[in-house]
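Please read the structure below before turning to the comments.
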Protein chains: 2
Amino acid sequence: MTVGATQPVIRATLEDVARTAGVSLATVDRVVNRREGVHAKTVARVEAAVAKLGYRADVAAARLARGQTFRFAFVLPTGSNSFMTSLTEQVARTADWLAGQRGFIDILHVDVFDPDVLAAALENLSPAYQGVAVIALDHPRVRAAIDELVARGIAVVTLVSDAPSSSRVHYVGIDNPAAGRTAATLMGRFLAGREGTVAVIAGSLSLRDHTERQFGFHQILSSEHSNLSALPVIEGRDDSDRTRKLTGALLARHADLRGIYCCGAGNRGIADALEASGRAREVVWITHELTEYTRRFLVRGTLDAVINQDAGHEARSAARILLAHCSGEPISPDQERIRIDIFLRDNLP
Amino acid sequence: MTVGATQPVIRATLEDVARTAGVSLATVDRVVNRREGVHAKTVARVEAAVAKLGYRADVAAARLARGQTFRFAFVLPTGSNSFMTSLTEQVARTADWLAGQRGFIDILHVDVFDPDVLAAALENLSPAYQGVAVIALDHPRVRAAIDELVARGIAVVTLVSDAPSSSRVHYVGIDNPAAGRTAATLMGRFLAGREGTVAVIAGSLSLRDHTERQFGFHQILSSEHSNLSALPVIEGRDDSDRTRKLTGALLARHADLRGIYCCGAGNRGIADALEASGRAREVVWITHELTEYTRRFLVRGTLDAVINQDAGHEARSAARILLAHCSGEPISPDQERIRIDIFLRDNLP
DNA sequence: CAATTTTTGAGGTACGCAACACAAATTCTG
DNA sequence: CAGAATTTGTGTTGCGTACCTCAAAAATTG
């Protein structure tokens with residue numbers, strides 16, 4: 001039995017470092033917090049002592065002493081689909097956690113799908129905020145608004161939907177083209193060589209994440225599954241009534257319809273139409289976001305796979321990144337990477 | 001534009017609560033920390049003030065004042081496969097993070113696959129530890145050792161592999177039967193009705209996680225994919241040389257071999273044998289754990305899907321749970337649930 | 001070598017809470 | 001209503017760090 005490097009049970013404090021370096025506390029403080037006016041030789045002595053004792057600042061004490069509080073705004077869409085509802089809930093939970101960490105989150109509800117409204121909301125944001133998380137739109141005005149916030153010294157992270165060419169410090173969300181490719185591979189493999197057509201239903205082609213997904217989907221479908229041909233993309237506007245009618249029409253018109261990929265919302269409509277047609281089992285349906293509904297359709301067998309992004313993870317990650325950015329701490333990219341989850345009936349959480 | 005409930009930027013402190021409740025700080029302290037000897041009426045008054053001000057204890061200040069330090073042991077296997085190596089690395093990283101939170105992790109390397117050795121290691125564990133994370137074995141002696149630790153007041157969480165009937169406070173890992181079912185569904189759907197046989201390679205049938213996975217796999221395969229018949233389980237002992245030979249023999253003997261499910265390690269051997277046979281593309285191979293190697297096989301197309309558990313998440317979760325348990329804080333089950341990840345070539349992180 | 005600049009030290013306060021001791025006030029008991 | 005028990009208040013200390021001031025020491029300069 002090998003015992004790993006045994007750490008001291010008693011933490012080394014700044015005083016310990018001062019003592020072993022043979023300098024005063026003030027000097028250690030200057031070195032540790034990278035203040036001016038310390039001789040290079042002394043810096044080295046202190047750093048050696050830090051290394052020797054394995055000194056790590058006690059984050060609790062540091063936070064307390066600094067006494068900073070943080071205020072973040074989360075700009076989320078007004079009353080929307082299940083995913084957004086769940087995201088809002090997770091942000092609220094994150095806010096609760098953050099409140100114990102000297103951080104406060106205000107949730108601002110905005111029509112994020114209208115670039116002008118969104119940009120205006122960002123422009124008029126109170127300067128009291130040190131950070132903003134926003135479900136962005138890749139639109140010039142929104143981009144400009146983000147850039148202006150950043151120029152004003154406010155950290156901006158984009159959430160779920162990115163504005164890549166803006167100066168946001170981080171994008172918290174999945175790689176949407178990759179998500180589309182994942183859906184296509186699943187579709188192609190589940191259909192295993194059968195011939196036919198595949199429908200793609202997006203919310204709106206003016207949403208960057210939806211276009212990226214369908215782009216990735218088409219890319220793989222055309223290059224690797226030539227037995228399947230994709231029908232023109234349909235815009236369902238994330239509305240169940242609309243998707244119900246559209247899906248019904250699709251099923252009626254295309255006897256050879258083998259699969260449906262929905263890269264937006266409106267899943268209840270698709271499920272209704274599929275189940276009404278009696279072809280629910282034979283048509284492979286893949287969609288995004290695990291919700292109360294998609295979970296049910298998955299269990300029932302109407303839905304074959306869900307590509308998901310974890311709203312809880314995204315909310316927490318955005319808060320952690322804003323907090324780290326504002327207090328100059330590093331982040332661990334590994335922990336902040338939002339994965340493209342695949343859920344089948346069998347691995348539901 | 002709707003603004004969510006705006007929180008105060010200045011946190012309410014215990015003093016604020018005392019003032020608005022019209023009592024002293026000591027009384028508030030008694031109420032908040034649930035000490036004895038406070039009149040029910042006063043308790044109510046204080047709690048009302050807490051609610052009114054939205055008071056939340058500053059975790060930094062609380063930790064500092066309590067001044068407790070924690071010491072945890074992580075019992076990990078001696079020199080082992082890629083997954084375990086990666087887990088060890090992630091535990092080391094977690095230790096680094098914990099060091100800033102008044103927590104220390106010692107990594108103990110033990111032959112966790114030998115019940116007697118593992119049990120002895122647990123029995124001889126220093127009482128200096130407040131918590132232990134262990135890759136458990138579901139064996140009477142190990143179970144007894146865990147129970148004894150818990151009886152001694154040491155929190156035990158099982159990691160990756162559980163000992164369900166022990167009194168451990170938490171299991172940090174995936175639902176292995178569900179992981180097996182997930183693999184079977186993928187296998188069945190990728191093979192889409194083709195007839196043939198499927199091989200199952202486990203590390204050892206005395207490992208609970210492996211048996212559970214193959215149980216789940218067989219369950220779904222036999223009930224939902226009657227076109228496929230499973231060959232008797234082969235024990236590869238997580239050793240690449242052995243799995244290479246075994247896989248080679250399988251391929252030679254069974255011309256109708258359509259799929260391979262490996263619920264343990266030794267993937268390099270399987271890849272070698274598959275690629276040497278020239279049947280890598282036609283045989284569906286599904287395995288566990290995303291490593292440097294399985295990632296490569298996935299990209300190359302030899303491997304079709306990886307069922308994964310996130311080692312980083314597991315390490316962090318175990319540490320968080322031990323910390324929360326020892327300081328009496330609640331955990332959010334949501335965040336600690338280890339997901340069964342499915343990785344295809346397209347959604348690799 | 002004196003004057004100046006740079007570097008270091010000493011010391012203090014504050015952060016918000018936990019934990020304690022002890023006194024004062026209130027309520028209950030016989 | 002005295003005495004006891006219960007409840008509440010006052011006050012203090014310490015956790016480890018950040019940040020500040022002012023003085024002392026050392027090194028550098030003319």
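Every value quoted in this text rests on a predicted model; they were computed, and no experiment measured them. In what follows, chains are A, B, ... by sequence order, proteins preceding strands, each numbered from 1.
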| said: D:dG9, OP1 or OP2 - any side-chain N/O from B:Thr27 closer than 4.0 Å? | reply: yes
| said: To check you understand the geometry: which heavy-atom pair defines the closest contact between A:Leu76 and A:Ile135, and what is its length? | reply: CD2-CD1, 4.0 Å
| message | Can you pull out the residues from residues 319-330 of chain B that lie within a 4.0 Å heavy-atom distance of DNA chain D? | response | none
| message | Less than 4.0 angstrom between a side-chain N/O of B:Ser24 and OP1 or OP2 of D:dT10, yes or no? | response | no
| said: Rounded to whole Å, how long is the line connecting atom CZ of A:Arg19 with atom P of C:dG9? | reply: 14 Å
| said: Assess whether a salt bridge exists between A:Asp96 and A:Arg93, defined as any Lys/Arg side-chain N lying under 4.0 Å from an Asp/Glu carboxylate O. | reply: no
| query | Is there a side-chain contact between A:Phe83 and A:Gln309 (heavy atoms, below 4.5 Å)? | reply | yes
| Starting at CG of B:Leu64 and ending at P of C:dA14, how long is that distance when rounded to a whole Å? | 17 Å
| Taking atom P of C:dT6 as reference, at what distance in whole Å does atom NZ of A:Lys41 sit? | 18 Å
| request: Give the B/S/- string for nucleotides 18-28 of chain C, one per nucleotide from 5' to 3', where a protein heavy atom under 4.0 Å of the base yields B, of only the sugar-phosphate yields S, and otherwise -. | output: SB---------
| message | Do B:Asp147 and B:Ser167 pair up side chain to side chain, a donor and an acceptor below 3.5 Å, judged on atom types alone? | response | yes
| query | Side chains of B:Arg30 and B:Val46: closer than 4.5 Å at any heavy-atom pair? | reply | no
| task | Could you walk me through whether B:Arg339 and B:Asp310 pass salt bridge (charged side-chain N to carboxylate O under 4.0 Å, His left out), step by step? | result | CA-CA 8 Å; B:Arg339 280 172 302 192; B:Asp310 191 293; over 6 Å; no
For residues 148-158 of chain B, dump all side-chain donor-acceptor pairs below 3.5 Å to protein atoms at least two apart in sequence or in another chain.
unit_1   : atom_1 : unit_2   : atom_2 : d
B:Thr158 : OG1    : B:Asp162 : OD1    : 2.7
B:Thr158 : OG1    : B:His170 : O      : 3.4

| field | Atom of B:Arg63, atom of A:Ala60 and distance for their closest heavy-atom approach | value | CB-CB, 4.1 Å
